[in-house]
Number of protein chains: 2
Amino acid sequence: MLGLNDHRLQVLLGKREAPPYQGRWALPGGVLRIDLDETLDDGARRVMRERLALELPFMRQLVSVGGKYRDQDRSPWALSVVYRALVWQADVKPLAGKRLSDLAWRDVEDAATDVKLAFDHRELVALAVEKTRQEVAEMELPVGFLPKAFTLGELQSICERILGRALDKSSFRRKLSDRGLVQPIEGEMRGGANRPAQLFELCHRVPPAGQSRADTGTKPV
Amino acid sequence: MLGLNDHRLQVLLGKREAPPYQGRWALPGGVLRIDLDETLDDGARRVMRERLALELPFMRQLVSVGGKYRDQDRSPWALSVVYRALVWQADVKPLAGKRLSDLAWRDVEDAATDVKLAFDHRELVALAVEKTRQEVAEMELPVGFLPKAFTLGELQSICERILGRALDKSSFRRKLSDRGLVQPIEGEMRGGANRPAQLFELCHRVPPAGQSRADTGTKPV
DNA sequence: TCAAAAGTGTTAGGCATACACCCATGT
DNA sequence: ACATGGGTGTATGCCTAACACTTTTGA
């Protein structure tokens, strides 16, 4: 669970109440319920719903890890399917139920280098951050993470916070329009203390029949 | 299991003897043995070893799929962790044991569009091919798939067969040397019916401390 | 009038494609 | 001699980072 606030990208960690790794920070998770979950994705959504009372549209399976010694105090073999979610921290009121004594947002840079996390969760955090940044760098916009309407400045700021670095305004906007990812709405707004900004929304249509950008790996010879 | 022959990239399919999907072609698989497999990767290796009597160095987990109705004739819930392997067809003598009545190599283009494959295996084939091609296009060389020594012509031919399209010789070689992926060996060879070719091997060292190519997503501002 | 953010245009350089060209060997 | 594949150089064009510039509002 990666969360964005006004400043930076963070990851939600919980402190484990019981062994293994008692007292260590870990990624929150849950167990699959074959009576409730029709698919893996369903299970991931259910766990998030139970924990956060929130419907998460932008979840993505990252990897599965499993092994004999993964959780040997409780089971002879354990398999975890790792999902990533993206949320606004402001939208979320996570509650430390279950087996966690505490919950906290932690900077991703921190967590990805903290060798004291439980299990292999440090690597998992690093993987999630890397994948997410790669997606944003390639302009796969974090759908479901965006409001219905946003200004280009806001969008850029979101991407910058996820990437952890500044972007060039002009290049950013050209890329957006070249690939036809967003379109203006007719109600402009956002006039805080300066020039008002045009509002945009996502284009969910297929790239409009033309050519522009296929990118299915089919490069010319 | 993707296999390369002198001409093209193919995928190994088996014909199912029993329901579900009796008589349909499917990707060969096996069940995890928590008494034998210490990790998921171990399990994947063991299944391949049992089926092909071959140690496969270049396996990669692609995705996990699971659901209530995935294999409902045999189990109320089924989870599959999908791996991809790359092999030389010539090195492999697969035998149709277990629950398969037949085995065959099939062109990947074919299989990835054949709606009659069992389960969701058409999508899985398409995914495996896409990922593999993307790796090759980005010059993540198929390690373990290459002989210890090879000529640049051979390497290019391998990549071309995987990608299913021709590559430019000059660009291909420049990319290799720019990124320091291969290095020449001092014993040259391969003089069939024309000029002999220098033999190369992979560089497994980290990019030699300099800068050249970091590519951890850290682009300049 | 000034600050601050929106919005647009231009330039320079890196990278990859495409192509042209020589080299060495067996037939 | 010539066909075949090895090996190398070069130019064109695209994409993008970098930056300069104008516009519009509130204070």
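Side chains included, hydrogens not; waters and symmetry mates left out as well; all remaining heavy atoms used. Chain letters run A, B, ... following the sequence lines, proteins first, then strands; residues in each count from 1.
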Of C:dT17, D:dG6, C:dA6, the nucleotide closest to the side chain of A:A197 is C:dA6
Of the candidates D:dG7, C:dA6, D:dA17, the side chain of B:Q198 sits closest to D:dG7
Specify the separation, in whole Å, of atom [atom1] of [X] and atom [atom2] of [N].
X	N	atom1	atom2	result
A:D168	C:dG7	CG	P	15 Å
A:D178	D:dA17	CG	C1'	14 Å
A:E160	C:dA5	CD	P	12 Å
A:M139	D:dC15	CE	P	15 Å
A:F150	C:dA6	CZ	P	14 Å
B:Q156	D:dT4	CD	C1'	15 Å
B:F172	D:dG9	CZ	P	18 Å
A:L167	C:dA6	CG	C1'	17 Å

[X]: what forms a side-chain contact (heavy atoms from CB on, under 4.5 Å) with it, not counting sequence neighbours?
X	result
B:K93	none
A:R45	A:D41, A:D42, A:E55, A:M59
B:T113	none

Expected string for nucleotides 21-27 of chain C under the B/S/- scheme (protein heavy atoms, under 4.0 Å, primed atoms plus P, OP1, OP2 as sugar-phosphate) is --BBBS-
Is B:R179 close enough to C:dA16 that one of its side-chain N or O atoms is under 4.0 Å from OP1 or OP2 there?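 Result: yes.
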Quiz item: Donor-acceptor pair under 3.5 Å: do we get one between A:S170's side chain and the base of C:dG9?
Solution: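 Result: at least one qualifying N/O pair found.
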query = On a plain distance test, is the side chain of A:R174 in donor-acceptor contact with the base of C:dT8 below 3.5 Å?
reply = no
**Report entry** Nearest-nucleotide comparison on DNA chain D, the residue closer to the 5′ end among B:R173 and A:K175
**Finding:**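 That would be B:R173.
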query = Salt bridge check: are B:D114 and B:R122 linked by an N-O gap of less than 4.0 Å?
reply =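 No, no charged N to carboxylate O under 4.0 Å.
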So side chain to side chain donor-acceptor pair (under 3.5 Å) across residues 153-164 of chain A, not counting sequence neighbours, yields A:E154-A:R190, A:Q156-A:E160, A:S157-A:R161
Quiz item: Is there any ring pair (Phe, Tyr, Trp, His ring centres under 6.0 Å) pair reaching into residues 102-131 of chain B, and which pairs are they, with sequence neighbours excluded?
Solution: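 As it turns out, the ring pair (Phe, Tyr, Trp, His ring centres under 6.0 Å) pairs with a partner in residues 102-131 of chain B, which skip direct neighbours, are B:Y21-B:F119, B:F119-B:H121.
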Requested in this report: Can you spot which of B:R165, B:R8, B:R133 makes a salt bridge (Lys or Arg N to Asp or Glu O under 4.0 Å) with B:E109?
Outcome: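 It is B:R133; the other options fail the test.
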